[in-house]
2 protein chains.
Amino acid sequence: MSTAKKILIADDEPDILEIIQFNLQTEGYEVFTAKNGDEALEQAKKYQPDLIILDIMMPGKNGIDVCNILRMQPAFKETLIVFLSALSDEGTEIRGLETGADDYLTKPISPKILLSKVNALFRRLNKEGNNLLQLGDLKIDREKYIINYLDNDIILARKEFELLALLASKPGKVFLRNEILNQVWGTEVIVGDRTIDVHIRKIRQKLDLDCITTVKGVGYKFEL
Amino acid sequence: MSTAKKILIADDEPDILEIIQFNLQTEGYEVFTAKNGDEALEQAKKYQPDLIILDIMMPGKNGIDVCNILRMQPAFKETLIVFLSALSDEGTEIRGLETGADDYLTKPISPKILLSKVNALFRRLNKEGNNLLQLGDLKIDREKYIINYLDNDIILARKEFELLALLASKPGKVFLRNEILNQVWGTEVIVGDRTIDVHIRKIRQKLDLDCITTVKGVGYKFEL
DNA sequence: TCTAATATTATCAAATTGTTAACCACATGC
DNA sequence: GCATGTGGTTAACAATTTGATAATATTAGA
């Protein structure tokens, strides 16, 4: 598990700052605050947050200025930036987004919705790359279509791979033969009784690892 | 330059569909539309859009259902999904975002703002600022259309280049034949079964480097 | 023990991909 | 206008892999 995500909030209204801070902390985020644009820049440099929530109207440098300054620096090219403003006119919102922000939210906003939006942003950000199951020494990469056991790549044919991926998607769960047929073969195709067995056999053989258990009369399950 | 980004819009109000379609097309996006949930699923499967804009209240399957169904399929795990709804109650919005959507917009919305939001989403998604890929001894310059291997320039034809550039954009990832067709050939053109193979063959030949692996029944992947 | 369920093995047809050559469209230079 | 070259697609066939089945052996459990 990675360390908690860091969020910096900049707003000149202490009340709002506090409410948001409380809600985000409750959700497990590490939160920093700033009361104006210059403080926001300082804090950003100091803590390198993963997400910055910027009010637009602040004394001194406003939010858009801050965003511009940040986006010019390589260190903040990829940082998530969200505006949170009472200004809801079209021009400002468009300008805000074109500055390179990832979202533009308008006050008043429910803390829960803010939280959902923040979660959605992080969800998208983290989606980069990793589509793989890690099960002990066994790695199943759906994107690369590779099984890796103890650093050895194992080549499975399509059906074999899909079957193993299915079983391994819920370790311990017993998949009925019907479920397996539906998931791997689809509902249209009809195949004989022994087809599943044969594929299971091939997986067991290639993996050389006792990880698929037969539950007689029911189905199969994956377990290390 | 890669092909235009594809956007699918699903809404049961023809007027809205048309306005949004027009605005997005003007901006250079390739737009598909659907009048209800089921149609949205069909179109999504058919065109593999980069972004899907879903109305929530639609006859038959509603937007949230559609999102749920899409997110369960590997092919749509990474697709951008945005809700656009007249429902502005907190519960729905939160549920929408937790379903795995990237944003939740409320009607009425100014076309310009929608455009800005869409642009912002694509901006974040495309980490590609770098027009040249460096992969071991292989350099791919998307701007100049030049491949260089061990200091030798290799001339590839356009389709060959785009195909290689696509595969190399995510080393290791297996690109389905469908994905390849959509990305390199576009959705309008229909080409025969062997076309991809022939191009792959030409690349392999010109590159004289074993970097493209066949995953039978699935697709191709680039790997050094 | 006895039986139904599963494992194993070999085999073969079907599906998938590789390879080559031919064809057409289009651009280029003469 | 005419040869020439290039890029892109397809057709035809070869090579390969896959996955289903049949036949048989083995096992778990009532």
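Labels below follow one simple rule: chain letters A, B, ... track the order of the sequence lines, proteins then strands, and each chain is numbered from 1. Worth knowing before you read on, the calculation uses all heavy atoms, side chains too, and leaves out hydrogens, waters and symmetry mates.
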Between [X] and [N], is there a side-chain N or O to OP1/OP2 distance below 4.0 Å?
{"X": "B:R201", "N": "C:dG18", "value": "no"}
{"X": "A:R177", "N": "C:dA5", "value": "no"}
{"X": "B:T214", "N": "C:dG18", "value": "yes"}

Check your understanding: Which residue lies toward the 5' end of DNA chain C, B:I200 or A:V215, if each is placed at its nearest nucleotide?
Key ->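 The answer here is A:V215.
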
**Study point:** First encountered from the 5' end of DNA chain C, between A:V218 and A:Q205
**Key:**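 Comparing both residues, the 5'-ward one is A:V218.
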
Exercise for review: Flag yes if more than 12 heavy atoms outside B:D208 fall under 6.0 Å of its CG atom; otherwise flag no.
Suggested key: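 12 or below, so no.
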
Specify the separation, in whole Å, of atom [atom1] of [X] and atom [atom2] of [N].
{"X": "A:I212", "N": "C:dT8", "atom1": "CD1", "atom2": "P", "value": "12 Å"}
{"X": "B:R204", "N": "C:dG18", "atom1": "CZ", "atom2": "C1'", "value": "8 Å"}
{"X": "A:I203", "N": "D:dG19", "atom1": "CD1", "atom2": "P", "value": "11 Å"}
{"X": "A:I180", "N": "C:dT6", "atom1": "CD1", "atom2": "C1'", "value": "13 Å"}

Exercise for review: Describe the nucleic acid contact of A:Y220 in one word from base, sugar-phosphate, nothing, applying a heavy-atom distance below 4.0 Å.
Suggested key: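 Contact class for A:Y220: sugar-phosphate only.
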
Exercise for review: List the protein contact pattern of nucleotides 25-30 of chain D with one symbol per nucleotide (5' to 3'): B for base contact, S for sugar-phosphate-only contact, - for none; contact means a heavy-atom distance under 4.0 Å.
Suggested key: --BB--

Study note, to complete from the structure: Nucleotide by nucleotide, nucleotides 7-12 of chain D touches protein heavy atoms under 4.0 Å in the pattern (B base, S sugar-phosphate only, - none) SBBB-B

Review point. Hey, are A:K5 and A:E30 close enough for a salt bridge, meaning a charged N less than 4.0 Å from a carboxylate O?
Key: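 No, A:K5 and A:E30 are not salt-bridged.
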
Can you list, pair by pair, the side-chain donor-acceptor contacts under 3.5 Å of residues 179-188 of chain A, counting residues two or more places apart and other chains?
| from | atom 1 | to | atom 2 | distance (Å) |
| --- | --- | --- | --- | --- |
| A:E179 | OE1 | A:L176 | N | 3.1 |
| A:E179 | OE2 | A:K173 | NZ | 3.1 |
| A:N182 | ND2 | A:N178 | O | 3.4 |

Check your understanding: Using a distance-only test with no angle check, is there a side-chain donor-acceptor pair under 3.5 angstrom linking B:N23 and B:Y29?
Key ->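 The answer is no; no qualifying pair exists.
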
Point to revise | Between B:Y220 and B:R177: side-chain donor-acceptor atoms closer than 3.5 Å | key: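 A pair is found: one side chain offers a donor N or O, the other an acceptor, under 3.5 Å apart.
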
Exercise for review: Would you please indicate if the ring centroids of B:Y47 and B:F32 are separated by under 6.0 Å?
Suggested key: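 Centroid separation for B:Y47 and B:F32: below 6.0 Å.
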
Exercise for review: Please test A:D103 against B:K117 for side chain to side chain contact (heavy atoms under 4.5 Å, CB included), starting from the C-alpha separation and ending with a verdict.
Suggested key: CA-CA 7 Å; A:D103 207 350; B:K117 292 260 186 184; 2.6 Å; yes

Check your understanding: Which one of B:E223, B:R204, B:K221 satisfies the side-chain contact (heavy atoms from CB on, under 4.5 Å) criterion with B:I212?
Key ->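 So, applying the side-chain contact (heavy atoms from CB on, under 4.5 Å) to B:I212 and each of B:E223, B:R204, B:K221, only B:R204 qualifies.
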
Exercise for review: For the pair A:T99 (side chain) and A:R95 (backbone), establish whether a donor and an acceptor sit closer than 3.5 Å, ignoring hydrogens and angles.
Suggested key: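 Indeed, once roles are kept as given, a pair shorter than 3.5 Å links the two residues.
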
